[in-house]
Protein chains: 2
Amino acid sequence: MTYTIKQAAEKSGLSASSLRYYDKKGLLPFVSRNRIGYRDFTDSDLKLIHTICCLKNTGMKIRNIRRYVNEVMAGPDTIPDRVKLLGEHRAAVLDEQRKIAENLSEIDNKLNRYRDPDAIKKVNTDIKNATEEKISESLSNSYFNNN
Amino acid sequence: MTYTIKQAAEKSGLSASSLRYYDKKGLLPFVSRNRIGYRDFTDSDLKLIHTICCLKNTGMKIRNIRRYVNEVMAGPDTIPDRVKLLGEHRAAVLDEQRKIAENLSEIDNKLNRYRDPDAIKKVNTDIKNATEEKISESLSNSYFNNN
DNA sequence: ATAAACATTCGACTATGGTTTAATGCAAGA
DNA sequence: TCTTGCATTAAACCATAGTCGAATGTTTAT
């Protein structure tokens, strides 16, 4: 069983354009061509493409995905390299997730402030403070169009 | 106390270029200018810039950050809009975090496979299967340069 | 045999989020 | 005064990750 690029696109969730783009970028050196130059995707190809998607979806750059694919193509000797590459990526993703969670918790604080019954009062106090800060520096103020 | 763009850059963790870029994109309408046209950043300004950074760091697009900033500038009447905007953003971020965690867990599976004592054997089996799949379809095989 | 529906490549185009450069101006210290 | 260091703008440039259109070829069904 092989698949055309359109079928591979459906199965992988990528667009045919993206698959061609990835191929051009060296991410799909394992995809064969039939006698007239059309790509023939196998199930094994789609498994590796799935892994590529996992890396892409977690933010790995094309350049590093290519490194990984090349290591896969080079055979079992590169297993330590793959562990290093994936392990470092894993750590980077976790760190990024942590940072996002931190930033999100600040957004949550804002949301809670806005949902507070006294939100209007508090927001008005903020505006007053910001405005006074501008005034005390003889700066123009743009809150509420009070220029 | 006011800050030059350089000092504001240091305090916010952004580059001066980014601050100018954000200003150009309408994210900093609250930043005043002194008599010769230089930006004067106040502490209140930096607080709002901090919020902007939280939104940016969680992946909000410039266009939506601008919407938020405009709502802030428009005063307390827009609090429900802000809650909607931030609430939707929050949900989107959580969903994205969930997807990333899912993809990462598949990467973890790969890592565990590679760290298995039988990793080489298993990888060789994979290559064998992939190769046989290609052969059975009369396709060229590129694993191990066995073209 | 001809049209529809695929496939190919190449180069141009888009979007996003900046960074860099060039020309210019202001301000403060030697 | 003159140099140094900061500021301004507009426009060009960059990186990333695609997407699209044109020209062309293939396969299939009618």
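Below, read A as the first sequence line, B as the second, and so on, with proteins coming before strands; counting in each chain starts at 1. Every value quoted in this text rests on a predicted model; they were computed, and no experiment measured them.
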Integer-rounded Å distance: [N] [atom2] and [X] [atom1]:
X       : N      : atom1 : atom2 : answer
A:Gln7  : C:dA5  : CD    : P     : 16 Å
A:Asn34 : D:dT27 : CG    : P     : 8 Å
A:Arg63 : D:dT16 : CZ    : C1'   : 9 Å
A:Leu14 : D:dA17 : CG    : P     : 13 Å
A:Phe41 : C:dC6  : CZ    : C1'   : 14 Å
A:Lys25 : C:dG11 : NZ    : P     : 13 Å
A:Leu27 : D:dT16 : CG    : P     : 13 Å
B:Arg39 : D:dC6  : CZ    : P     : 16 Å

Exercise. Same cluster or not: are B:Leu28 and B:Leu14 linked, directly or through other Ile, Leu, Val, Met, Phe, Trp or Tyr residues, by side-chain heavy atoms under 4.5 angstrom apart?
Worked result: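 Cluster IDs for B:Leu28 and B:Leu14 match.
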
Spatial distance of atom [atom1] ([X]) from atom [atom2] ([Y]) [nearest 0.5 Å]:
X        : Y       : atom1 : atom2 : value
B:Met60  : B:Arg66 : CE    : CZ    : 12.5 Å
B:Glu132 : A:Ser44 : CD    : OG    : 10.0 Å
B:Ser15  : B:Tyr22 : OG    : OH    : 8.0 Å

Exercise. Got a donor-acceptor pair under 3.5 Å from the side chain of B:Tyr38 to the base of C:dG25?
Worked result: yes

Using a cut-off of less than 4.0 Å, is there contact between a side-chain N or O of [X] and OP1 or OP2 of [N]?
X       : N     : answer
A:Arg35 : C:dA7 : no
B:Thr4  : D:dA7 : yes
A:Arg33 : C:dT9 : yes

Of the nucleotides [options], which one has an atom closest to the side chain of [X]?
X       : options                : answer
A:Lys6  : C:dC6, D:dC6, D:dA17   : C:dC6
B:Lys61 : D:dT9, C:dG17, C:dT8   : C:dG17
B:Ser17 : D:dT9, C:dT20, C:dT8   : C:dT20
A:Tyr22 : D:dT16, D:dG18, C:dG17 : D:dG18

For this session: Using a 4.0 Å heavy-atom cut-off across all strands, classify B:Ser18 as base, sugar-phosphate, or nothing.
Result: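 Sugar-phosphate, no base atom in range.
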
Exercise. B:Arg20 near the nucleic acid: base, sugar-phosphate alone, or nothing, with a heavy-atom cut-off under 4.0 Å?
Worked result: base

Exercise. Do B:Asp40 and B:Asp45 come close enough that some side-chain heavy atom pair is under 4.5 Å?
Worked result: no

Problem set entry | Closest-nucleotide 5' rank along DNA chain D - winner of B:Ile5 and B:Lys24 | B:Ile5

For this session: Select from A:Ile36 and A:Ser15 the residue whose nearest nucleotide in DNA chain D is closer to the 5' end of that strand.
Result: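 In this pair, the answer is A:Ser15.
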
